[in-house]
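First up is the structure itself, then whatever we jot down about it.
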Amino acid sequence: MKVAIYCRLSEEDKNKPDMKDSESIQNQKSMLVQYATEMQWEIFGIYSDDDYTGADRKRPEYNKLLADAENRKFDIVLCKTQSRFTRELEMVEKYIHGLFPLWGIRFISIVDNADTDNKGNKKSRQINGLINEWYLEDLSDNIRSVLKSKRDQGHYMGTTALYGYKKNPQKKGHLIIDEVSAEIVREVFNLFNQGYEKAEIALMLNERKVPTPSEYRQLSAENEEKAPKNKTAQLWRYPTIAKMLTNIMYIGHMVQGRSGSICYKSKQVKLKPREEWSIVKDTHEAIIDQELWESVQLKIKSRYRPFDTTTVGMFAKKVRCATCGYVMRSGVSRGVKYFNCRTKQISKDACTGAHTNINKLTSFIINELEIFRKEYLDKDKVYANVEFNSNQEDKQKLLLTQIGSYEKKSNEYTKVINEAYFDKVKGLIDEEDFVAITKEAREQKAMYLRLLDEVKNKLDSLEQQKSNLVDKKQVIEEILNTRELNKVIVDALIDHIKVGKNDRKTNIQSIEIHWNF
């Protein structure tokens, strides 16, 4: 029997020896190697992840182990505890109780006595998985609580300091002014207060080749290792200036917790409402004085325009410059609404610029939709394609019948394997017969499990197809019953629109619509 040993440690030891793995990892290895030796198993390999959590699915050695397991390179996975392998109940069910038996691999953890060859302790393995899941949730809650407490006390928790500041090396969680970048912040506020537009300020900074905040972080020796290596953010842009002018951290108040993960098992982040932000006043030295700040905020408020959802607003963030790919901004000139690319305004050499008025853009899209209707949306043909074929329900019933049949067959071969094991223990069959019986049974079980997966995928595909067709029919109905554009139709049909520079000689302008279908 070939055994793969897996070790994991969540945190590095404080007194880590001069070696690749920590002392605790070495202790795990020693224990598992000794156990494998006593059982007279051949050690195929030792997989070790140091400084990784049990919920991290991207552990390098863990994923290497799973790949080797799928290729049947060993017969047993050996760990100190089940939680060393994973703390997620989902992964316990997927691998320990699902794929490992399918691949003919036995899972053993020494301390908590988990052994997939022992049917009697499956419930205890599941209970361990549930306890570990609760541990992850409690750990996440505790970490969130600690972070919230520190934020509420005004400690800065960011990986890198806000542009204009740097982390105080003498006091953890405290910001001090970085005079080089702070001078740029003061210049931006003063220029805007003097009446300059945000795009004009960006142009001035770009012409002087002032490093953007992200570039400055990369150049900063303090954040050299942690700075994001983003090579595309090379221009000051309108949103960068706009965000800077409304950030109250520049008047000495700490603002954190604007966003957070959806839950402890997901890394997806969502924005929080303002009332949930952590705001602590007077935590660090201000770069902008109160008088200048209030003057700038009044000017921003006086220039504010309500969001238009009827004309320009229905194309929000969908119109892009064909040359530079940047999202075009809206504007109004002599009562005419338009979109234009601001890249040329912030850097004269970065883009040739593109401009189109809203009436021209709307007319073009409506004409394209008319062509679409005539060529593709013949109502009778559309409904013939959208409606489910009469035999779809029969297909669904057949797939459900096959699922039941394959599950029954799989369970039968599981029973054969278990009975052979007990016959071997009782001495009713020898080792050679046991291997022969279980080998064939595992092969047959694997075949039916593969068939089961295929049928389940077909059933899922059928359900998804049905859902998509229903959604499509509703959109088609709306298109056929209207001759005017609105935000709902634009969002449903259009992914984005690319607008090229207008040729002054021919008055021809390239407009490309990228549809959602």
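Source: prediction; values computed, not measured. Any value given below was found using the heavy atoms of this structure, including those in side chains, with hydrogens, waters and symmetry copies removed. In what follows, residues are counted from 1 in the order of the sequence shown.
Side-chain atoms of Thr283 never come within 3.5 Å of backbone atoms of Gly154 as a donor-acceptor pair (strictly under, hydrogens ignored). Side-chain atoms of Asn71 do not come within 3.5 Å of backbone N or O of Lys73 as any donor-acceptor pair. The main-chain N or O of Val327 is never found under 3.5 Å from a side-chain atom of His496 such that the two would form a donor-acceptor pair. Panel note: side chain Gln256, backbone Met157; a donor-acceptor pair is recorded below 3.5 Å. Judged by distance alone, with hydrogens and angles left aside, the side-chain atoms of Trp41 form no donor-acceptor pair with the main-chain N or O of Ile76 at under 3.5 Å. Listed for the Lys318 side chain is a donor-acceptor partner under 3.5 Å among the backbone atoms of Ile494. Remark: the backbone N or O of Lys243 is not paired with any side-chain donor or acceptor of Asn247 at under 3.5 angstrom. Proximity of a side-chain donor or acceptor of Thr37 to a complementary backbone N or O of Val33 within less than 3.5 Å is detected. Under the 3.5 Å distance criterion, the side-chain polar atoms of Lys409 are left unmatched by any main-chain donor or acceptor of Gln444. Judged purely by atom type and a 3.5 angstrom limit, Asp49 uses its side chain to pair as donor or acceptor with the backbone of Tyr62.
Under the 6.0 Å distance and 45° angle rule, Arg84 does not count as a cation-pi partner of Tyr6. A cation-pi arrangement, defined by a distance under 6.0 Å to the six-membered ring centre and an angle within 45 degrees of its axis, is absent between Arg8 and Phe85.
Taking every heavy atom of both residues into account, Cys341 and Cys351 meet most closely at SG-SG, 4.0 Å. In this structure, Lys29 and Ile46 approach most closely via the heavy-atom pair CE-CG2, 3.8 Å. Contact detail for Leu102 and Arg72: the closest heavy-atom pair is O-NH2, 3.8 Å. Leu32 approaches Ile5 most closely through the heavy-atom pair CD1-CG2, 3.4 Å. The shortest non-hydrogen separation linking Ala69 to Ile105 is O-CD1, 3.3 Å.
Atom NZ of Lys80 sits in a sparse spot, with 12 or fewer heavy atoms from other residues, nucleotides or ligands closer than 6.0 Å. In Glu38, the CD atom is crowded: over 12 heavy atoms of neighbouring residues, nucleotides or ligands sit closer than 6.0 Å. Shown here is Glu276, whose CD atom has more than 12 heavy atoms of other residues, nucleotides or ligands within 6.0 Å. Surrounding CD of Glu407 are more than 12 heavy atoms belonging to other residues, nucleotides or ligands, all under 6.0 Å away.
Under the 3.5 Å distance criterion, with hydrogens and angles disregarded, no donor-acceptor pair is assigned to the side chains of Ser30 and Gln34. Of the N and O atoms on the side chains of Asn411 and Thr414, not one donor lies less than 3.5 Å from an acceptor on the other residue. Checked by atom type, the side-chain pair Tyr156/Asn168 shows no donor-acceptor distance below 3.5 Å. Checking Ser109 against Asp112 by side-chain atom types alone, a donor-acceptor pair falls below 3.5 Å.
Contact of the Met254 side chain with the Ile279 side chain is not registered, since no non-hydrogen atoms from C-beta on lie closer than 4.5 Å. Within the 4.5 Å cutoff, no side-chain heavy atoms of Phe74 are placed close to those of Val3.
Atoms CD and CG, from Glu70 and Leu65 in turn, are 12.0 Å apart once rounded to the nearest 0.5 Å. Remark: Leu271 CG to Trp277 CH2 distance equals 8.5 Å, nearest 0.5 Å. Going from atom CG of Leu459 over to atom CG of Leu399 covers 5.5 Å, rounded to the nearest 0.5 Å. With rounding to the nearest 0.5 angstrom, the CD atom of Glu512 is 5.0 Å from the OG atom of Ser510. The distance from atom CZ of Phe107 to atom CD1 of Ile96, rounded to the nearest 0.5 Å, is 4.0 Å. Distance check, rounded to the nearest 0.5 Å: CG of Asn118 to CG of Asn113 gives 7.5 Å.
Remark: His253 pairs with no residue by the side chain to side chain donor-acceptor pair (under 3.5 Å) rule, at least two apart or across chains.
Taking the charged nitrogens against the carboxylate oxygens, Arg57 and Glu90 do have a contact shorter than 4.0 Å, which makes a salt bridge. Ion pair Asp117/Arg106 flagged as a salt bridge, since at least one NZ, NE, NH1 or NH2 atom sits closer than 4.0 Å to an Asp/Glu carboxylate oxygen.
Using a 30° and 60° split on the angle between ring planes, Tyr448 and Tyr406 fall in the tilted class, from 30° to 60°. The aromatic rings of Phe44 and Tyr47 lie parallel to each other, their planes meeting at an angle below 30°, with 60° marking the opposite boundary. A perpendicular orientation is assigned to the rings of Tyr163 and Tyr216, their planes being inclined by more than 60° (bins at 30° and 60°).
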- Message: Walk me through whether Ser214 and Gln218 qualify under side-chain hydrogen bond (donor to acceptor under 3.5 Å, both in side chains).
- Response: CA-CA 7 Å; Ser214 59; Gln218 292 174 26; 5.1 Å; no

- Message: For a side-chain hydrogen bond (donor to acceptor under 3.5 Å, both in side chains) check, start with the C-alpha distance between Thr343 and Arg237, then their side-chain angles and the critical distance, and finish with the verdict.
- Response: CA-CA 8 Å; Thr343 303; Arg237 294 189 179 275; 3.2 Å; yes

